[in-house]
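Residue numbers begin at 1 in each chain, while the letters A, B, ... track the order of the sequences. Worth knowing before you read on, the calculation uses all heavy atoms, side chains too, and leaves out hydrogens, waters and symmetry mates. Please read these numbers as outputs of a predicted model, since none were measured by experiment.
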There are 2 protein chains.
Amino acid sequence: MQDLAKEKRLDLFARKCREHGIPVTLQRRAILNTVLDLDNHPTADQVFDAVVGQIPSISRTTVYRTLDTLARLGVITKACHPGNTVRYDNRIELHHHLVCQRCDDVIDITDARLDKVRIPDTSSFGFEVIDFRVQLRGVCRRCKKEEDQT
Amino acid sequence: MQDLAKEKRLDLFARKCREHGIPVTLQRRAILNTVLDLDNHPTADQVFDAVVGQIPSISRTTVYRTLDTLARLGVITKACHPGNTVRYDNRIELHHHLVCQRCDDVIDITDARLDKVRIPDTSSFGFEVIDFRVQLRGVCRRCKKEEDQT
DNA sequence: TTAAGTGCAAAAGCTTTGCGGGTAG
DNA sequence: CTACCCGCAAAGCTTTTGCACTTAA
């Protein structure tokens, strides 16, 4: 990521910390900084490997905790990525997903307008598109209720 | 899932097995059957818990292996679902993903037309949409090359 | 018959937890 | 000063591997 964009993100981070009353620590800054440099959807472990270069004494635990914190603050996002904890889906026809950002629940929806999305040309990536899916990200009914009670 | 749809899917499975020359075993049928009943994007472990009721002697290993096989045959799909192996994304602005179904790699793309997707009304789910992302699923350059060589 | 699948046990990964010492505000 | 954070070690999960036995075609 470019330096200017990085500066802006670090500022955003500082502001969010003040808003939420959480301290800006050396480790948090270093971890954010590292994620901004890593461009390909790293796992927590990959971030750890990269950040150890800057702070040799840092622990895995801190990296896991901090990434979660940064995502909660909205300074980075969690990517929906096929990973170790795979979920299986018994629908093979075109459909879409509501993904709750609080509880990670996924709800199926069908919508004719979404089905008609025009697929962009991906040949410059050498990528052949077979099908697609729209993820609508937000907050589900249950989590919204819990929020209201707080 | 309704009985008719289930029958059709079990037939599809049988056909795919013949095509690929792999045996239709008792376990595979039971596991597929179970996934078709389970409607909410189950993990392998949740499928195991459900299928043990039918075949008490079945092992976790078989469930893991079979789900992978079924997904390879295209009889079920893997859902991109936030799970244990979370990936983090340093982009917080609107963008989309090319997801390779062979190697699980994710490539970022931006596309003005995709950005303009009309979000459907999700109020009947009590779901509040905050943003969205289009996943284009297919085969990446590297995997396509490997396929050609085989 | 025979290639492939299955179950078991053990290993390998990944992530979380509890706790004493340390640090930002 | 004081609440919150950090590192460590250990526990807890989930998933994969190697091997001998069993089974579908």
Side-chain angles (χ1 to χ4, degrees), chain A residues 10 13-35 41-73 75 78-79 81-88 103-104, chain B residues 10 13-35 41-73 75 78-79 81-88 103-104:
Chain A
L10 287 164
F13 167 58
R15 183 151 30 92
K16 289 281 187 183
C17 282
R18 248 169 288 137
E19 270 174 32
H20 289 76
I22 75 168
V24 177
T25 64
L26 184 67
Q27 288 88 340
R28 283 182 179 147
R29 278 187 65 90
I31 289 167
L32 173 54
N33 211 46
T34 301
V35 175
H41 310 278
T43 63
D45 232 59
Q46 291 168 334
V47 175
F48 172 75
D49 286 345
V51 90
V52 149
Q54 293 175 53
I55 307 184
S57 65
I58 205 167
S59 80
R60 259 193 186 70
T61 311
T62 299
V63 174
Y64 277 93
R65 278 190 292 224
T66 299
L67 288 170
D68 198 68
T69 304
L70 293 175
R72 256 202 348 264
L73 296 179
V75 182
K78 291 187 184 184
H81 191 295
N84 271 349
T85 311
V86 183
R87 299 278 181 150
Y88 293 91
C103 68
D104 288 348
Chain B
L10 287 164
F13 166 60
R15 184 150 30 90
K16 289 280 184 182
C17 282
R18 249 170 286 136
E19 271 174 33
H20 289 77
I22 74 168
V24 176
T25 65
L26 185 67
Q27 288 89 339
R28 284 182 177 146
R29 279 187 64 91
I31 289 168
L32 174 54
N33 211 45
T34 301
V35 175
H41 311 277
T43 63
D45 231 59
Q46 289 168 334
V47 175
F48 172 75
D49 287 345
V51 91
V52 149
Q54 292 176 54
I55 308 183
S57 66
I58 205 167
S59 78
R60 258 192 186 70
T61 312
T62 299
V63 174
Y64 277 94
R65 279 190 291 227
T66 299
L67 288 170
D68 198 67
T69 304
L70 294 175
R72 256 200 351 263
L73 295 179
V75 182
K78 290 187 185 184
H81 192 295
N84 271 349
T85 310
V86 184
R87 299 278 180 149
Y88 292 92
C103 68
D104 287 349

Round to the nearest Å and state the distance from A:Ile55 atom CD1 to C:dT23 atom P.
-> 12 Å
Side chain of B:Thr25 - closest among D:dT15, D:dA24, C:dT15 | D:dA24
How many Å lie between CZ on A:Arg72 and C1' on D:dC4, as a whole number?
-> 13 Å
Compare side-chain N and O positions of A:Gln27 against OP1 and OP2 of C:dA24 and report whether any pair is under 4.0 Å apart.
-> no
From A:Leu32 atom CG to A:Leu73 atom CG, the distance as rounded to the nearest 0.5 Å = 10.0 Å
Short side-chain N/O contact to C:dT6 OP1/OP2 from B:Thr62, under 4.0 Å = no
A:Asp45 side-chain proximity, nearest of C:dC14, C:dG7, D:dA24 = C:dC14
Close side-chain approach of A:Asp45 to A:Tyr64, heavy-atom, < 4.5 Å = yes
Between B:Ser59 and B:Thr62: side-chain donor-acceptor atoms closer than 3.5 Å | yes
Can you check side-chain contact (heavy atoms from CB on, under 4.5 Å) on A:Gln46 and A:Thr43, steps first, answer last?
-> CA-CA 5 Å; A:Gln46 291 168 334; A:Thr43 63; 3.4 Å; yes
Measure from CG on A:Leu73 to C1' on D:dC4 and round the result to the nearest Å.
-> 14 Å
Within the pair B:Arg28 and C:dG5, is there a side-chain N or O less than 4.0 Å away from OP1 or OP2?
-> yes
Given C:dT6, D:dC5, D:dA24, which nucleotide is nearest the side-chain atoms of B:Thr66?
-> C:dT6
Between atom CG in A:Leu67 and atom P in D:dC6, what is the gap in whole Å?
-> 12 Å
Assign each of A:Arg65 and B:Pro23 the nucleotide of DNA chain D bearing its closest heavy atom; nearer the 5' end lies the nucleotide of A:Arg65
Does A:Tyr64 make a side-chain N or O approach to OP1 or OP2 of C:dT16 shorter than 4.0 Å?
-> no
In whole angstrom, give the distance that lies between atom CD1 of A:Ile31 and atom C1' of D:dC6.
-> 10 Å
A:Thr61 near the nucleic acid: base, sugar-phosphate alone, or nothing, with a heavy-atom cut-off under 4.0 Å?
-> base
Protein-nucleotide distance (A:Arg29, atom CZ; D:dC6, atom P), rounded to Å | 14 Å
Mind running side-chain contact (heavy atoms from CB on, under 4.5 Å) on A:Phe48 and A:Leu67 for me, showing each step along the way?
-> CA-CA 10 Å; A:Phe48 172 75; A:Leu67 288 170; over 6 Å; no
Whole-Å distance, A:Arg60 CZ to C:dG13 P, equals 11 Å
Taken to the nearest whole Å, CG/B:Asp68 to C1'/D:dT17 is 14 Å
Using a heavy-atom cut-off of under 4.0 Å over every strand shown, decide if B:Leu26 touches base, sugar-phosphate, or nothing.
-> nothing
